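Owing to the predicted nature of the structure, the values given are computational and were not obtained by experimental measurement.
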Amino acid sequence: MESYQGLESEADYARTSEIIKKPPLATLISSERGDYDSIRNRLTHARVYSYEDKSLPDKIKTPNVAYEQHSTLSVDSWAPNIIIHELDWDDYEQQYIQTVYQDLHAEFVKLQNNKQKEIHTHIPVRYESLIASAIDAGFSPLGAFKRSIGHKIETCLVLVLGDDKHSHNQLPLFPEYGVTDGLLTIIPTVSEHCEAFFAEQQDDVAVFWSIFPVRSYTEVKHYCQEARLNNILGVGITASVIENSSQQVVGRVHLRPVVPPKVADVGYGIFPEHRGKGYATKALNLFTQWIFSEAGYVRIELGIKEGNEASERVAKSCGYVRESICPCRLKNQDGSFSTQISYAKVSPFYCDKGEKIA
């Protein structure tokens with residue numbers, strides 16, 4: 001019951017834009033996969049050289065609100081066209097933290113217009129809800145870097161305030177609490193799920209229908225550890241299917257944006273010992289509902305290797321329609337290529353002509 005999408009996407013997920021070139025303020029996640037610690041090792045430490053600019057305030061207050069907050073502004077001397085913003089709170093759990101980017105939006109825009117500079121903000125990646133509020137306020141994820149805070153290494157996300165040249169087909173954050181139908185719950189994949197993901201790599205059926213070579217345990221662990229960061233960066237969503245009664249990881253689902261706006265590619269798989277229970281259909285239905293109703297996509301596509309009748313039955317059961325046959329599209333383990341059977345489903349909120357239903 002596998003769609004063709006395996007542990008990686010057919011497309012290169014790498015973000016190739018640079019944040020600052022000389023010296024680098026941050027190095028983006030590359031197509032080379034690595035676990036979270038490896039990501040942090042690959043990312044350079046921030047080198048911020050503040051220089052005196054009397055026209056640039058080093059603090060920015062939050063106007064017209066009932067709480068006290070000051071943000072720090074600085075400029076890297078190697079990239080004077082960029083103003084770097086960071087919250088000045090030692091404790092990111094302050095009561096009003098979720099509204100600060102909306103509250104500061106007018107100040108950011110004014111600063112951007114007056115100074116004719118890009119506005120970047122840095123947020124530790126563990127503060128997902130704060131990142132989400134920054135995105136809602138017009139920031140877009142750009143990359144990541146690591147820095148030392150005391151004796152700890154913190155991985156931070158770099159976001160840039162609304163600028164067309166940095167825009168990309170953003171993915172919504174899959175909810176941390178997941179989505180459920182009462183029997184199954186789909187939650188973001190984390191490193192603790194790697195045992196179940198690796199077991200699938202040892203299954204002959206999964207390997208046969210996959211378009212990727214078998215991954216080592218370390219590679220699978222890296223993949224699970226990077227899943228959430230890839231979602232934040234707009235790369236793709238990987239989520240784990242949990243059986244509610246046992247709390248076991250029984251499968252996986254994937255989503256990645258494709259080139260046309262509001263169109264996505266989906267993949268799914270149920271792990272060997274849990275097949276035959278109808279979980280693939282339930283998981284794909286549940287994930288599809290979230291993609292349309294919450295993520296706002298208009299069309300979902302999936303590809304299945306010719307001959308994978310079980311996966312085709314799942315797609316049809318979930319309302320996906322067979323659209324085309326693409327010869328020599330999906331790679332096999334022996335280096336040959338199989339025909340792809342292409343399925344798609346259009347959001348129930350849109351008619352076939354592409355018009356939104358009132």
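Taking the six-membered ring for Trp, F292 and Y297 have ring centres at least 6.0 Å apart. Checked against the 6.0 Å centroid threshold, H120 and F139 do not count as a close aromatic pair. The aromatic ring centres of H85 and F108 sit less than 6.0 Å apart.
No side-chain heavy atom of V249 sits less than 4.5 Å from a side-chain heavy atom of E195. Side-chain atoms of I357 and Y350, non-hydrogen and from C-beta on, never get closer than 4.5 Å to each other. Under the 4.5 Å side-chain criterion, counting only non-hydrogen atoms from C-beta, P260 is in contact with V258. Contact annotation: the side chain of Q340 never approaches that of I325 to less than 4.5 Å [non-hydrogen atoms, C-beta and beyond]. Side chains of L73 and L111 form a contact here, defined as non-hydrogen atoms less than 4.5 Å apart. In this structure, the side chains of S293 and F349 come closer than 4.5 Å at one or more pairs of heavy atoms. You'll find the side chain of I123 stays beyond 4.5 Å of the side chain of L87, heavy atoms only. Residues L233 and L157 form a side-chain contact, since some pair of their non-hydrogen atoms from C-beta on lies under 4.5 Å apart.
Of the listed residues (T189, T238, T218, N230), just one forms a side-chain hydrogen bond (donor to acceptor under 3.5 Å, both in side chains) with Y223, and that residue is T238.
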- Run the salt bridge (charged side-chain N to carboxylate O under 4.0 Å, His left out) check on E312 and R322 step by step: do they pass? CA-CA 9 Å; E312 287 201 66; R322 180 167 168 162; 3.5 Å; yes
- Message: Checking R252 against E200 for the salt bridge (charged side-chain N to carboxylate O under 4.0 Å, His left out) test, could you report, in this order, the C-alpha distance in whole Å, the side-chain angles of both residues, the deciding distance, and whether it holds?
- Response: CA-CA 10 Å; R252 55 177 173 76; E200 184 191 32; 2.9 Å; yes
- Query: Yes or no on side-chain contact (heavy atoms from CB on, under 4.5 Å) for C224 and K221, after CA distance, side-chain angles and deciding distance?
  - Reply: CA-CA 5 Å; C224 293; K221 185 177 180 180; 5.9 Å; no
- Begin from the C-alpha positions of Y343 and K316 and carry the test side-chain contact (heavy atoms from CB on, under 4.5 Å) through to its verdict. CA-CA 9 Å; Y343 281 79; K316 292 175 182 177; 3.1 Å; yes
- Task: Test E306 against S338 for side-chain contact (heavy atoms from CB on, under 4.5 Å), laying out the working first.
- Result: CA-CA 7 Å; E306 186 176 40; S338 288; 5.6 Å; no
- Item | Worked verdict on V241 versus V250 for side-chain contact (heavy atoms from CB on, under 4.5 Å) | CA-CA 6 Å; V241 181; V250 300; 3.7 Å; yes
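Here the NE2-CG distance, from H105 to L161, works out to 5.5 Å after rounding to the nearest 0.5 Å. Here H274 contributes atom NE2 and S246 contributes atom OG; the two are 6.5 Å apart, rounded to the nearest 0.5 Å.
In this structure, the side chain of Q102 does not engage the main chain of T99 through any donor-acceptor pair within 3.5 Å. Here the side chain of S311 pairs no donor or acceptor atom with the backbone of I304 at under 3.5 angstrom. Side chain of T288 to backbone of L284: a donor-acceptor contact under 3.5 angstrom is found. Side chain of Q289 to backbone of L286: no donor-acceptor contact under 3.5 angstrom is found. Remark: the backbone N or O of I270 is paired with a side-chain donor or acceptor of R275 at under 3.5 angstrom. Distance alone, capped at 3.5 Å, is enough to place a donor-acceptor pair between the Q333 side chain and the F212 backbone. Distance alone, capped at 3.5 Å, is enough to place a donor-acceptor pair between the K345 side chain and the C318 backbone. Using a distance-only test at 3.5 Å, with no hydrogens or angles considered, no donor-acceptor pair links the side chain of N81 to the main chain of K117. A distance-only check finds no donor-acceptor pair linking the side chain of E294 to the backbone of I291 [under 3.5 Å]. N332 contributes no side-chain N or O that, together with a main-chain N or O of G335, makes up a donor-acceptor pair within less than 3.5 Å.
V190 and I237 fall into different hydrophobic clusters, where Ile, Leu, Val, Met, Phe, Trp and Tyr are joined by side-chain heavy atoms under 4.5 Å apart, directly or via other members. Residues W209 and V207 do not share a hydrophobic cluster, clusters being chains of Ile/Leu/Val/Met/Phe/Trp/Tyr side chains in contact below 4.5 Å. Residues V214 and I211 do not share a hydrophobic cluster, clusters being chains of Ile/Leu/Val/Met/Phe/Trp/Tyr side chains in contact below 4.5 Å. Transitive grouping of hydrophobic side chains (ILVMFWY, heavy atoms separated by less than 4.5 Å) brings I186 and L183 into a common cluster.
Of all the heavy atoms in H193 and P188, the pair that sits closest is CE1-O, 3.8 Å. Closest approach of A132 to L173, counting heavy atoms only: CB-CD1, 4.2 Å.
Side-chain polar atoms of T185 and Y177 form no donor-acceptor pair below 3.5 angstrom.
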